[in-house]
Asker: 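Before I ask anything, here is the structure I am working with.
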Amino acid sequence: MVYLTRIEHFNAAHRLLNPNWTPEMNESVFGKCANKNWHGHNFELSVTIKGKPDPDTGFIFDAKKLSVIIRERVIDKLDHRNLNLDVDFMKDKLCSIENLVTGIWNELAPSLPVQVKLHCIKLVETPRIYVEYYGE
Amino acid sequence: MANKVAVYRKEHFNAAHRLANPTWTDAENARVFGKCALPHYHGHNYELIVKVSGFPDPATGYVIDMKILSDLIQQEIVERFDHRNLNLDTLEFATLNPTAENIAIVIFDLLRPHLDNKLDLQIRLYETPRNFVEYPA
């Protein structure tokens with residue numbers, strides 16, 4: 001089994017809050033991340049697929065085609081956007097990177113060709129914080 | 001000692017912003033600033049590198065105590081900008097377009113008064129890993 005990763009990036013605003021809580025409760029739990037006027041990040045997205053190289057091309061899947069799919073299904077929806085306000089698959093979800101990475105998986109998985117197995121999505125929020133999701 | 005020594009301190013802040021000229025129409029802002037003018041803001045992990053140059057103090061061997069420099073940057077810059085919306089939450093960008101260029105100039109102007117005149121100051125600000133500015137150039 002060979003694992004191929006394509007890395008993309010997007011710059012976005014968000015805030016963390018539970019809409020059922022008071023502002024004080026949100027600030028107590030989420031701290032600065034609850035700022036009502038948003039803050040932002042340069043996110044780095046790594047999409048890893050797995051498979052056996054095709055004997056004719058040597059590819060699991062053409063990485064350029066994978067990039068186009070990621071850009072169309074995910075990056076174009078997220079880049080230079082407000083994750084809480086502008087993203088259809090994050091409506092009614094708390095805007096943590098944990099929820100964002102599962103939302104991205106659910107956007108991508110159905111868009112990949114049948115022969116491509118999605119293995120892992122890694123989402124880096126800052127140089128010190130990232131999440132990984134394996135679809136479980 | 002014949003030559004100055006440059007010392008560098010790296011800090012970071014995560015902030016939202018958008019780029020727009022308030023005297024322009026939405027269409028003009030979109031034309032000039034593209035996605036950066038989208039109305040609901042976007043954001044960046046800004047990486048700040050503060051360069052201070054001078055002759056090391058013979059008594060300490062320091063150009064500047066890096067703990068003092070770090071505390072100064074935290075107090076004057078990070079506490080103002082981290083996890084904020086630059087357009088909405090800061091006095092400095094209430095009317096000034098928060099481009100990387102203008103942010104670097106503002107950071108310089110905030111730090112300069114707190115540093116000895118014998119020290120030179122330069123700001124490098126990364127807006128993304130691929131775009132960064134320096135001031136003074």
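As a basis for the values below, the full set of heavy atoms in this structure was taken, side chains included, without hydrogen atoms, waters or symmetry mates. Every chain is numbered from 1 and lettered A, B, ... according to where its sequence line falls, protein lines coming before strand lines.
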Asker: May I ask you to list the residues in residues 45-56 of chain A that approach chain B closer than 4.5 angstrom, counting heavy atoms only, ordered by number?
Answerer: none
Asker: Does B/Pro136 offer a backbone N or O that forms a donor-acceptor pair with the side chain of B/Gln122 under 3.5 Å?
Answerer: yes
Asker: Between the side chain of B/Asn29 and the main-chain N/O of B/Asn21, is any donor-acceptor distance below 3.5 Å?
Answerer: yes
Asker: I'd like to know whether A/Lys77 forms a salt bridge (charged side-chain N to carboxylate O under 4.0 Å, His left out) with A/Glu107, so could you lay out the CA-CA distance, the side-chain angles of the two residues, the decisive distance to 0.1 Å, and finally the verdict.
Answerer: CA-CA 10 Å; A/Lys77 292 187 177 189; A/Glu107 283 296 302; 3.0 Å; yes
Asker: Need one label for A/Glu125: side chain, backbone, both or neither, based on atoms under 4.5 Å from any heavy atom in chain B.
Answerer: backbone
Asker: Among A/Ile60, A/Thr5, A/Leu112, A/Leu108, exactly one meets side chain to side chain contact (heavy atoms under 4.5 Å, CB included) together with A/Leu66. Which residue is that?
Answerer: A/Leu112
Asker: Please determine, by modelled atom types, if A/Asn26 and A/Asn18 share a side-chain donor-acceptor pair under 3.5 angstrom.
Answerer: no
Asker: From the options A/Ile75, A/Asn11, A/Ile97, A/Val124, select the one residue that forms a side chain to side chain contact (heavy atoms under 4.5 Å, CB included) with A/Phe43.
Answerer: A/Ile97
Asker: Looking at A/Pro127, A/Gly31, A/Ala12, which one has more heavy-atom pairs under 4.5 Å with chain B than the rest?
Answerer: A/Ala12
Asker: Under a single-linkage definition using a 4.5 Å side-chain heavy-atom cutoff for Ile, Leu, Val, Met, Phe, Trp and Tyr, are A/Phe89 and A/Leu118 assigned to the same hydrophobic cluster?
Answerer: yes
Asker: Report, in residue-number order, which members of residues 59-86 of chain B are under 4.5 Å from chain A by heavy-atom distance.
Answerer: B/Asp82, B/His83, B/Arg84, B/Asn85
Asker: I need the residue from B/Glu127, B/His44, B/His17, B/His40 with the largest number of non-hydrogen atom pairs under 4.5 Å to chain A.
Answerer: B/His44
Asker: Regarding A/Lys122 and the six-membered ring of A/Tyr130, is the cationic atom NZ or CZ under 6.0 Å from the ring centre and inside 45° of its axis?
Answerer: yes
Asker: So, do A/His14 and A/Met90 sit near enough that their side-chain heavy atoms are less than 4.5 Å apart?
Answerer: no
Asker: Select, from A/Asn84, A/Asn35, A/Asp79, the one with the greatest count of heavy-atom pairs under 4.5 Å involving chain B.
Answerer: A/Asn35
Asker: Give a yes or no answer on whether the side chain of A/Arg15 reaches the backbone of A/Ala34 with a donor-acceptor pair at less than 3.5 Å.
Answerer: yes
Asker: Apply the side chain to side chain donor-acceptor pair (under 3.5 Å) test between B/Asn45 and each candidate in A/Arg128, A/His41, A/Glu44; give the one that qualifies.
Answerer: A/His41
